[in-house]
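Predicted model only: the values in this text are computed from it and were never measured. When reading the values below, keep in mind they use all heavy atoms of this one structure, side chains included, and skip hydrogens, waters and symmetry mates.
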Amino acid sequence: MNDINSPTTDGPATTEADAGNALVLEGVTRSYEQGETSLEVLRGIDFELRPGEIVGLIGPSGAGKSTLLHIAGLLEKPSAGSVRIGGMEAAQLDDAGRTALRRRRIGFVYQFHHLLPEFTARENVMLPQLIAGLSEDEARKRADELLGFLGLADRVLHRPGELSGGEQQRVAIARAVANVPDLLLADEPTGNLDPHTAEHVFDILLKLVHGTGLGALIATHNIEFAERMDRRITLRDGHLVEL
């Protein structure tokens with residue numbers, strides 16, 4: 001990994017079998033009770049994501065893409081199966097354990113940037129680092145490095161309302177990777193942008209993943225973008241299919 005992705009905090013120990021993977025899902029199922037019936041959304045998902053790999057997750061609305069991302073991101077527990085982040089078994093951790101692992105190992109980017117409007121770009125990127133225990137000086141230095149890497153060196157003191165849509169999303173990407181995660185999960189990260197800006201933000205994501213060794217799973221309806229990723233997968237009847 002290059003300096004942009006140099007670890008600043010120690011993470012949990014990894015298992016030997018999964019040391020080379022950012023994410024491993026084995027036999028993951030998810031069902032929801034609806035009255036006296038059960039709705040199966042995921043039916044035995046097996047998936048591995050390697051460092052430095054960007055994978056496109058495509059499929060129609062309602063297929064379960066967001067559920068899969070929520071389980072991979074430890075926001076939701078599977079009904080059954082194993083979820084391993086950087087070799088660390090995570091599916092059955094308690095709330096505190098999942099939160100701690102999520103902060104260290106996982107970054108999220110959504111369709112809407114969710115930046116804090118009262119804070120500058122720099123401060124938005126510093127915040128997760130301060131929560132993780134870094135000093136203010138360390139957090140500021142890393143925020144400026146990341147924003148510079150993403151082409152925002154001259155925008156670090158601007159608040160979200162002073163930034164364009166593409167700039168806001170790039171700040172959100174910097175915030176997502178500020179704590180040097182193993183895994184980046186994104187749900188339609190370019191879906192709220194015009195085509196030209198979406199292209200630029202997608203190029204930034206490709207550069208970041210391939211340049212730092214981060215593993216990324218990106219849900220998108222943009223087939224053109226998906227075809228430019230390392231692999232494409234889709235959900236069909238609750239099963240994961242590689243395209």
Side-chain angles (χ1 to χ4, degrees), residues 3-5 8-9 54 56-57 61 65-66 69-70 73-75 99 102-181 183-212 214 216-222 224-226 228-229:
D3 289 341
I4 287 296
N5 209 31
T8 55
T9 58
I54 184 168
L57 174 61
S61 298
K65 299 190 300 298
S66 293
L69 288 177
H70 288 169
L74 311 184
L75 295 170
T99 297
R102 189 164 56 242
R103 285 176 178 171
R104 286 194 301 266
R105 298 280 187 163
I106 305 171
F108 296 90
V109 181
Y110 299 99
Q111 181 174 348
F112 299 98
H113 56 76
H114 298 301
L115 299 174
L116 297 174
E118 68 272 25
F119 291 157
T120 65
R122 172 192 283 160
E123 290 166 340
N124 268 280
V125 180
M126 287 175 63
L127 187 58
Q129 301 177 75
L130 296 174
I131 292 172
L134 269 70
S135 70
E136 189 171 335
D137 285 345
E138 289 175 310
R140 182 185 300 108
K141 178 181 178 182
R142 180 158 180 78
D144 286 353
E145 287 176 349
L146 280 167
L147 291 168
F149 182 75
L150 298 180
L152 296 170
D154 60 344
R155 311 293 276 171
V156 296
L157 298 180
H158 289 69
R159 290 180 171 81
E162 302 170 308
L163 302 173
S164 69
E167 289 170 338
Q168 291 171 353
Q169 197 66 321
R170 279 185 279 162
V171 174
I173 292 169
R175 180 183 58 186
V177 301
N179 282 336
V180 198
L183 174 64
L184 179 68
L185 301 171
D187 197 353
E188 297 290 346
T190 62
N192 198 39
L193 304 173
D194 66 78
H196 176 76
T197 304
E199 177 82 20
H200 184 56
V201 169
F202 179 73
D203 287 342
I204 288 287
L205 276 171
L206 283 178
K207 177 183 177 183
L208 182 68
V209 171
H210 291 152
T212 64
L214 179 69
L217 179 60
I218 314 293
T220 181
H221 283 108
N222 190 314
E224 180 184 344
F225 287 169
R228 292 171 57 194
M229 299 187 202

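Counting all heavy atoms, side chain and backbone alike, Glu138 lies closest to Gln129 at O-OE1, 4.1 Å. Minimum heavy-atom separation, Ala121 to Leu163: CB-CD1, 4.5 Å. Looking at every heavy atom in both residues, Thr220 comes nearest to Ala226 through CG2-CB, 4.1 Å. Annotation for Leu146 and Ala174: closest pair CD1-O, 3.6 Å, computed over non-hydrogen atoms.
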Let's go through Asp187 and Ser66 carefully: what are the C-alpha distance in whole Å and the side-chain angles of both, what is the deciding distance for side chain to side chain donor-acceptor pair (under 3.5 Å) to 0.1 Å, and is it a yes or a no?
CA-CA 7 Å; Asp187 197 353; Ser66 293; 3.2 Å; yes

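The shortest distance between side-chain heavy atoms of Val109 and Leu185 does not fall below 4.5 Å. The closest side-chain heavy-atom distance from Arg170 to Ile204 is below 4.5 Å. Under the 4.5 Å side-chain criterion, counting only non-hydrogen atoms from C-beta, Leu214 is in contact with Pro181. Residues Asn124 and Pro160 are in side-chain contact: their nearest non-hydrogen atoms beyond the backbone lie under 4.5 Å apart. Counting heavy atoms from C-beta on, the side chains of Met229 and Phe202 come closer than 4.5 Å. At a threshold of 4.5 Å between non-hydrogen side-chain atoms, the residues Val201 and Ile173 count as touching.
The backbone N or O of Arg105 sits nowhere less than 3.5 Å from a side-chain atom of Asn179 that would complete a donor-acceptor pair.
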Could you list the donor-acceptor pairs under 3.5 angstrom formed by side chains in residues 148-159, with sequence neighbours left out?
| from | atom 1 | to | atom 2 | distance (Å) |
| --- | --- | --- | --- | --- |
| Arg155 | NE | Glu167 | OE2 | 3.3 |
| Arg155 | NH1 | His158 | NE2 | 3.2 |
| Arg155 | NH2 | Glu162 | O | 3.0 |
| Arg155 | NH2 | Glu167 | OE1 | 3.3 |
| Arg159 | NE | Glu118 | O | 3.1 |

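By the 6.0 Å contact criterion, CZ on Arg103 is open, its count of non-hydrogen atoms from other residues, nucleotides or ligands being 12 or less.
Residue Leu74 holds its CG atom at 9.0 Å from OG1 of Thr99, rounded to the nearest 0.5 Å. With rounding to the nearest 0.5 Å, the separation of CD1 in Ile131 from CE in Met126 is 11.5 Å. Going from atom NE2 of His200 over to atom CG of Leu205 covers 11.0 Å, rounded to the nearest 0.5 Å. Leu193 CG to His113 NE2: the interatomic distance, rounded to the nearest 0.5 Å, is 9.5 Å. To the nearest 0.5 Å, atom CZ of residue Phe108 and atom CZ of residue Arg102 are 6.0 Å apart. With values rounded to the nearest 0.5 angstrom, Leu217 atom CG is found 5.5 Å from Leu57 atom CG.
Classification of Glu123 and Arg175 as a salt-bridged pair fails, no side-chain N sitting under 4.0 Å from a carboxylate O. In summary, Glu136 and Arg140 engage in a salt bridge, as defined by a charged side-chain N under 4.0 Å from a carboxylate O. Comment: Asp137 does not engage Arg142 in a salt bridge, judged by the lack of any side-chain N to carboxylate O separation of less than 4.0 angstrom.
Scanning for ring-ring contact (aromatic ring centres under 6.0 Å, His included) contacts around His114 gives Tyr110, with sequence neighbours left out.
Val125 pairs with exactly one of Thr120, Val171, Leu115, Val177 by the side-chain contact (heavy atoms from CB on, under 4.5 Å) rule, that one being Val171.
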